[in-house]
Amino acid sequence: MRAIGNFLWFILGGALMGLAWWLVGVVAFMSIVGIPWGKACFVIGQFSFFPFGKEAISRKELKQTDDIGTGALGTFGNVIWFVFAGIWLAIGHVLWALGCFVTIIGIPFGIQHLKLAGIALAPIGKTIVSNEVAAAARVAAATATVADLRSSK
């Protein structure tokens, strides 16, 4: 089912938005300072080509520890990203979502575009993993939280 969803997605808008992500990535790489954003653009662009069966989650949620992109520096990077590129990619995804919502069969694609619009607003500190890995990370985080609550009593 994922393969069919990804095929239809690619034809009905995923290819264009993936290319938009890659174009922003090329521009970011040309600025030298934007190389970290450019790398993220290529990863998320690939995700935008074939999103079904994958999910974007916080690296902090995945690894249960902070890194350079999940702390204050990552927030600052997301603010810069939002101003220069994030808002435009998000608008593109929202427009595609509205087009998809016109038909009943397009609703799942529209929902996926809205998820990608959210990622476009703040991609720093996120990573793309399979749905199974994301679910396992959430279970591990919940287990760790419960253990912390029990030990604090």
Side-chain angles (χ1 to χ4, degrees), residues 1-26 28-29 35-75 77-79 81-82 85-150:
M1 196 61 154
R2 288 179 186 171
I4 294 170
N6 279 325
F7 176 73
L8 289 173
W9 168 269
F10 187 80
I11 292 171
L12 301 172
L16 291 175
M17 285 310 300
L19 290 173
W21 276 96
W22 284 5
L23 176 65
V24 171
V26 168
F29 265 92
I35 289 175
W37 289 282
K39 183 179 177 223
C41 284
F42 286 111
V43 170
I44 298 170
Q46 185 176 357
F47 176 55
S48 185
F49 282 130
F50 303 108
F52 293 101
K54 297 178 184 169
E55 191 174 336
I57 65 169
S58 169
R59 285 196 310 267
K60 182 176 182 178
E61 186 177 16
L62 182 65
K63 298 178 181 177
Q64 297 183 11
T65 183
D66 279 325
D67 64 19
I68 195 166
T70 60
L73 196 56
T75 302
N78 276 327
V79 169
W81 167 261
F82 177 83
I87 189 71
W88 306 112
L89 286 168
I91 288 170
H93 280 294
V94 168
L95 291 175
W96 273 103
L98 292 174
C100 290
F101 284 138
V102 172
T103 65
I104 292 175
I105 200 164
I107 290 173
F109 301 113
I111 291 169
Q112 192 65 39
H113 271 297
L114 292 179
K115 289 179 186 177
L116 282 160
I119 296 166
L121 294 175
I124 306 298
K126 292 195 174 28
T127 189
I128 309 299
V129 296
S130 69
N131 289 342
E132 296 79 15
V133 171
R138 289 190 179 102
V139 168
T143 303
T145 302
V146 169
D148 288 343
L149 290 173
R150 286 185 180 162

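- For I11, the CD1 atom sits in a packed shell: over 12 heavy atoms of surrounding residues, nucleotides or ligands are nearer than 6.0 Å.
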Kindly determine whether L62 and V133 satisfy side chain to side chain contact (heavy atoms under 4.5 Å, CB included), including the steps that lead there. CA-CA 8 Å; L62 182 65; V133 171; 3.8 Å; yes
L16 vs W96, side chain to side chain contact (heavy atoms under 4.5 Å, CB included): CA-CA, chis, key distance, verdict: CA-CA 10 Å; L16 291 175; W96 273 103; 3.5 Å; yes
Test log, rule side chain to side chain contact (heavy atoms under 4.5 Å, CB included), inputs F42 and V26: CA-CA 9 Å; F42 286 111; V26 168; 3.8 Å; yes
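- V24 has its side chain out of reach of W37: every pair of non-hydrogen atoms, C-beta onward, lies at least 4.5 Å apart.
- Separating the CD atom in Q112 from the NE2 atom in H93 is a distance of 9.5 Å, to the nearest 0.5 Å.
- Side chains of N78 and L121 form no contact here, defined as non-hydrogen atoms less than 4.5 Å apart.
- Residue L116 comes nearest to W21 through the heavy atom pair O-CZ2, 4.4 Å, listed as atom of the first residue, atom of the second, then distance.
- H113 is listed as a side-chain neighbour of M17, based on a closest heavy-atom distance under 4.5 Å.
- Residues G110 and A97 approach most closely at O-CB, 3.4 Å, considering heavy atoms.
- Judged by distance alone, with hydrogens and angles left aside, the side-chain atoms of Q46 form no donor-acceptor pair with the main-chain N or O of P51 at under 3.5 Å.
- The pair E132-R138 does not meet the salt-bridge criterion, since no charged nitrogen lies less than 4.0 angstrom from a carboxylate oxygen.
- Counting heavy atoms from C-beta on, the side chains of V146 and R150 come closer than 4.5 Å.
- Between F47 and I119 there is a side-chain heavy-atom pair separated by less than 4.5 Å.
- Put simply, CZ on F82 and CD1 on I124 are 14.0 Å apart, with the number rounded to the nearest 0.5 Å.
- Side chain of W81 to backbone of I87: no donor-acceptor contact under 3.5 angstrom is found.
- With rounding to the nearest 0.5 angstrom, the CD1 atom of I35 is 11.5 Å from the NZ atom of K39.
- The CZ atom of F101 sits 7.0 Å away from the CD1 atom of I107 when rounded to the nearest 0.5 Å.
- Using a 4.5 Å cut-off on side-chain heavy atoms (C-beta onward), N131 and R2 make contact.
- In this structure, the ring of F52 has its center no less than 6.0 angstrom from the ring center of F7.
- Nearest heavy-atom pair, Q64 versus A141, reported as atom, atom and distance to 0.1 Å: NE2-N, 3.0 Å.
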Dump the intermediate steps for ring-ring contact (aromatic ring centres under 6.0 Å, His included) on F49 and W22, then the final yes or no. CA-CA 11 Å; F49 282 130; W22 284 5; 4.8 Å; yes
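- Across all non-hydrogen atoms, the minimal contact from G25 to C41 is CA-CB, 3.5 Å.
- L98 places none of its side-chain heavy atoms less than 4.5 Å from the side chain of V102.
- Between the side chain of W9 and the main chain of S48, a donor-acceptor pair closer than 3.5 Å is present.
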